[in-house]
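Let me begin by presenting the structure, written as structure tokens, before commenting on it.
Order of appearance sets the numbers: ligands from 1, and atoms from 1 within every ligand. Note that the structure is predicted; figures quoted are calculated from it, not measured.
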Amino acid sequence: MSKDELFAAVDAYIERLFVGEDALLEAVLRSTVEAGMPPIQVSAVQGKFLYLLAKLCRARRILEVGTLAGYSAIWLARALPPDGRLISLEVDPKHAAIAQKNLERAGLAERVEIVIGPALETLPGLQSRGEPPFDMVFIDADKENYTAYLDWALKLTRAGGLIVADNVIREGQVLAPEDSFAQGVRDFNAALAAEPRVEAVLLQQVGVKGYDGMAIALVK
Ligand code: SAH
Ligand code: DHB
Ligand code: MG
């Protein structure tokens, strides 16, 4: 067994133990494949991890950048109290439509608002419509704009809130970026490390999604 196979097998073992059968999430994954969307949602184990982070910061309001089919949105929204709110930003109207259907299927549509458009164009609207601060922000869209999303997350998150970003390791490519994806997250990581308004670290992760990681930042 290769290391990658072992990591995937152990990920499946963790999923069996700590996630279990979840017909709804499995239907969401099928909808992603059927719609021909890229299978780039977080894994089940990462979803459970995001859910726990949201619970740990007692999140009532969460912002997500990058909805895809709503898989991570469902995990995050499940961590909210019934009157909680998740706003998820998505550039592709086709992705947003499928995510909307999936959130309805999950019985979470009332708690979630999908905002369609390039996030850098819709984020100023959130600010100008007077959205109260968020308890948690999950950044998972185009990596080239990660540093700009960090600036927005800092503007929109309350003191003591949490900023999380996916894909900050990319198979170790952050050490020697080979494309704009890896360069984007490398710039983001450097900006996060130098940011005086947060305490942060990167967490390496292995599993069914390969070798990657998430950034975790606590807003002071
Ligand atoms: N968070 C999702 C996966 C998101 S994949 C999950 O884990 O289930 C990244 C998503 O970001 C894609 O749906 C893509 O269309 C979207 N995206 C890419 N560029 C964007 C932009 N500029 N603004 C908003 N969304 C963007
Ligand atoms: C990829 C993976 C992701 O988790 C993501 O958010 C975007 C792209 C990828 O592997 O290309
Ligand atoms: Mg991702």
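Taking CG from D135 and CG from L156, the interatomic distance works out to 12.0 Å, rounded to the nearest 0.5 Å. Rounding to the nearest 0.5 angstrom, the gap separating the CD atom in E90 from the CD1 atom in I114 is 8.0 Å. Between Q46 atom CD and Y71 atom OH the span is 9.5 Å, to the nearest 0.5 Å.
Here E64 has side-chain heavy atoms under 4.0 Å from ligand 1, and that is the only part of it that gets that close. Counting heavy atoms under 4.0 Å from ligand 2, residue Q41 does not touch it at all. Contact annotation for T67 and ligand 1: only backbone heavy atoms (N, CA, C, O) come within less than 4.0 Å of the ligand. The parts of Q41 lying near ligand 1 are both backbone and side chain, judged by heavy-atom distances below 4.0 Å. Under 4.0 angstrom from ligand 2, the non-hydrogen atoms of D166 all belong to its side chain. At a heavy-atom distance under 4.0 Å, atoms from both the backbone and the side chain of I40 approach ligand 2.
Side-chain contact of Q183 with D187: a donor-acceptor pair under 3.5 Å is present, judged by distance alone. For the residue pair E131 and Q127, no side-chain donor N or O sits within less than 3.5 Å of a side-chain acceptor on the partner. Donor-acceptor pairing under 3.5 Å is lacking for the side chains of E113 and S88. Using modelled atom types, one finds no donor on one side chain facing an acceptor on the other under 3.5 Å when comparing R170 with N167.
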**OP:** Kindly indicate, with the supporting measurements, whether the criterion side chain to side chain contact (heavy atoms under 4.5 Å, CB included) is fulfilled by I87 and E64.
**Re:** CA-CA 6 Å; I87 297 179; E64 175 177 69; over 6 Å; no
**OP:** Kindly indicate, with the supporting measurements, whether the criterion salt bridge (Lys or Arg N to Asp or Glu O under 4.0 Å) is fulfilled by D83 and R61.
**Re:** CA-CA 9 Å; D83 62 344; R61 299 179 42 78; over 6 Å; no
**OP:** Evaluate the criterion side-chain hydrogen bond (donor to acceptor under 3.5 Å, both in side chains) for residue pair N102 and R105; output intermediate values, then yes/no.
**Re:** CA-CA 5 Å; N102 285 330; R105 252 201 285 206; 2.6 Å; yes
Subject >> side chain to side chain contact (heavy atoms under 4.5 Å, CB included) between V137 and V164, intermediate numbers included >> reply: CA-CA 6 Å; V137 178; V164 181; over 6 Å; no
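In this structure, K220 places its NZ atom where more than 12 heavy-atom neighbours from other residues, nucleotides or ligands lie under 6.0 Å away. Atom CZ of R58 sits in a sparse spot, with 12 or fewer heavy atoms from other residues, nucleotides or ligands closer than 6.0 Å. Annotation: E199, atom CD; neighbour count of heavy atoms from other residues, nucleotides and ligands within 6.0 Å does not exceed 12. Within a 6.0 Å radius of CD in E26, more than 12 heavy atoms belonging to other residues, nucleotides or ligands are found.
Nearest protein heavy-atom contact of atom 6 (O) of ligand 2 is D140 OD1, 2.7 Å. The closest protein non-hydrogen atom to atom 5 (C) of ligand 2 is N167 OD1, 3.2 Å. For atom 20 (C) of ligand 1, the closest non-hydrogen atom on the protein side is D142 OD1, 3.3 Å. Nearest protein heavy-atom contact of atom 6 (C) of ligand 1 is S72 OG, 3.0 Å. At the shortest separation from atom 8 (C) of ligand 2 among protein heavy atoms lies F181 CE1, 3.5 Å. For atom 11 (O) of ligand 1, the closest non-hydrogen atom on the protein side is G66 CA, 3.4 Å. Taking atom 9 (C) of ligand 1 as the reference point, the nearest protein heavy-atom neighbour is D140 O, 3.2 Å. What sits closest to atom 24 (C) of ligand 1 on the protein, heavy atoms only, is V91 N, 3.3 Å. Closest protein heavy atom to atom 7 (O) of ligand 1: V42 N, 2.9 Å. Among protein heavy atoms, atom 23 (N) of ligand 1 sits closest to A119 N, 2.9 Å.
Against a heavy-atom cut-off of under 4.0 Å, Y149 is close to the following atoms of ligand 1: 21 (C), 22 (N), 23 (N). Using a 4.0 Å cut-off to heavy atoms of K143, the atoms of ligand 2 that qualify are 5 (C), 6 (O), 7 (C). Distances below 4.0 Å separate heavy atoms of I40 from the following atoms of ligand 1: 5 (S). Which parts of ligand 1 touch Y71 is read off a 4.0 Å heavy-atom cut-off, strictly below it: atoms 8 (O).
Taking a cut-off of 2.8 Å, the protein N, O or S atoms nearer than that to the Mg ion (ligand 3) are D140 OD1, D166 OD2, N167 OD1.
Residues in residues 132-187 take part in these ring-ring contact (aromatic ring centres under 6.0 Å, His included) pairs, two or more places apart or across chains: Y146-F188.
On a distance-only criterion, D92 and ligand 1 share no N/O pair closer than 3.5 Å. Among the atoms of H95, some N or O lies under 3.5 angstrom from an N or O of ligand 1. At under 3.5 Å, not a single nitrogen or oxygen of A141, backbone or side chain, sits near a nitrogen or oxygen of ligand 1.
Residue contacts with ligand 1: G117 is included, with a non-hydrogen atom under 4.0 Å away.
For the pair R85 and I62, the minimum side-chain heavy-atom distance is 4.5 Å or more.
The nearest non-hydrogen atom to atom 16 (C) of ligand 1, considering only K209, E90, Q46, comes from E90.
Residue L89 forms a side-chain contact (heavy atoms from CB on, under 4.5 Å) with just one option from V115, I139, L120, and that option is V115.
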